[in-house]
Amino acid sequence: MILRRTIVVGCHFAAIIISNYLAFYLRFDGDIPLQQINLWVSWVPLLFFLRAIFFIPFRLYKGIWKYPSVHDLVNIIIATASSTFVFFLAVRILLGTAVYPRSIFIIDTLLLVIFLSGIRLAKKVYRRILNRKGDNRLIIYGAGDAGEMVVRDIQNNPASPYDPIGFIDDNRVKVGSYIRGVRVLGTRFNIDEIMERYKPEEALIAIPSASSAELRSIVGFFQHHRVVIRILPSLAEILQGKFSLNQARSLSMEDLLSRKPVFSGSNGNTSKGLRGKTVMVTGAGGSIGSELCRQIASAVPRELLMLDRYENGLYETSLRLAGGFPGISCKAIIGDITDIRRLETIFARNTPQIIFHAAAHKHVPLMEENPIEAVKNNIFGTKNIAELASRFGVEKFVLISTDKAVRPASIMGMTKRIAELYVAGINGSSRTQFLTVRFGNVLGSNSSVVPMFTEQIKRGGPVTVTHPDVKRY
């Protein structure tokens, strides 16, 4: 650290002396009169002192040359110009401008700005010249700020596996221009020609604000080419931390389909209703139950009771909440909603105030083959939880149902519909308020068909569809 600081300060001091001497050299066309040499020797110590002092408040000695910026250039210009002005006043008062050539002040200032900027860029230029290019040829869709950050990250990382071969951007004005030495090759309508000519292995969509519809449109232009498509996270995710190309990820179904969250934990009314309460979530180890737990925890309940009969999923949920919400009291409880005696013990010991009942068998084909289990779990399990909620004075009971309960055509849908009717029937019979919320298809949930279709597509097909006329969303 001390050695580095010594080198930095020494470079600045050397630049001050050299730039002032070269100013005299250029002013007199390489033949400096003896009188002017004596003048330079007499006054360079004062100039040196002034510049060395002025560089301190502008932190020119503390910059990291690996990351030169416009801010550094502005500081260099202001510090140099300020010290030149003070030196000019000193010379004018003591000598008068007739003795000290006025053009020296201007030439010296310009040279010093160039030298100080140059030594900051030298390391970057050196790395740029010697830096090897990665093996993965990368085409970047989006020649905006995010695209520029991608190229900058690649160029600043000697170990990067990528070689950015060009940009694609829908702004025709940008076509043919260069960003950090990488050319904008064309618009989306030139993708076929660009892919055929440059043959990239990967395409990165560098438009963090792109909607699902825009992503589908862009991906459609790449669909006939064997190329890995990756995207950047949302703008909000990028702003949360320093950008890195490592944040880029593969496309997922969620990126291409417009979906809204079930509810937001930041919603004022929801948070107020849960804050300070003892909240129970059944089926807490499942995909829907675990997300409910996460969002409920963000509302700061007094205690979160997580009930599930499957220990692995429940354990993973408890670990995630412990890491994400260390200040929230979360209790993982192993129990089966069909075991009424176990449930009575749980209610007696914990006295929940609000219940989100998400525990259910959801796999449609499996429930067709095992209807007794669907009835036992989805109907009688719900009945057990609801009756205990009434008996123990629970304030609110929320049944998490499914859109398959609408005109049910399956065992699973039918059992969930009966559970809805039962909950609606006992509402008003006690102080407990019973509510039902229907979820549509939840992408990536344990019962979703999307992960299976995705895996089938990765294997090259076929994609198994229940019926030729079926529509999946």
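These numbers were taken from a predicted model, which means no experiment stands behind them.
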CG (D145) with more than 12 external heavy atoms under 6.0 Å: no
Within 6.0 Å of CD in E196, more than 12 heavy atoms from elsewhere: no
Would you please classify the geometry between the F434 ring and the F397 ring as parallel, tilted or perpendicular, with 30° and 60° separating the classes? tilted
Are any side-chain N or O atoms of D308 and backbone N or O atoms of L314, one a donor and one an acceptor, separated by less than 3.5 Å? no
Full working for salt bridge (charged side-chain N to carboxylate O under 4.0 Å, His left out) between E344 and R341: CA-CA 5 Å; E344 289 174 342; R341 292 190 177 181; 5.9 Å; no
Heavy-atom pair with the smallest gap, counting every atom of R417 and A405: CD-O, 3.4 Å
Just wondering, are more than 12 heavy atoms of other shown residues or ligands nearer than 6.0 Å to CE in M195? yes
To the nearest 0.5 Å, what is the distance between CG on L305 and CG on L307? 8.5 Å
Mind listing the side-chain donor-acceptor pairs of residues 353-360 below 3.5 Å, one per line with the distance, residues two or more places apart or on another chain?
| residue | atom | partner | partner atom | Å |
| --- | --- | --- | --- | --- |
| Q353 | OE1 | T278 | N | 2.8 |
| Q353 | NE2 | E395 | OE2 | 3.4 |
| H357 | ND1 | T282 | OG1 | 2.8 |
| H357 | NE2 | T382 | OG1 | 3.0 |

Give a yes-or-no answer on whether the side chains of E387 and Y422 include a donor-acceptor pair shorter than 3.5 Å. yes
Check step by step if salt bridge (charged side-chain N to carboxylate O under 4.0 Å, His left out) holds for R188 and D170. CA-CA 6 Å; R188 67 172 66 186; D170 292 335; 2.9 Å; yes
When you compare the side chains of E420 and T436, does any donor N or O come within less than 3.5 Å of an acceptor on the partner? no
Around atom CZ of F380, are there more than 12 heavy atoms of other residues, nucleotides or ligands at under 6.0 Å? no
Taking everything shown except E368 itself, do over 12 heavy atoms lie less than 6.0 Å from its CD? yes
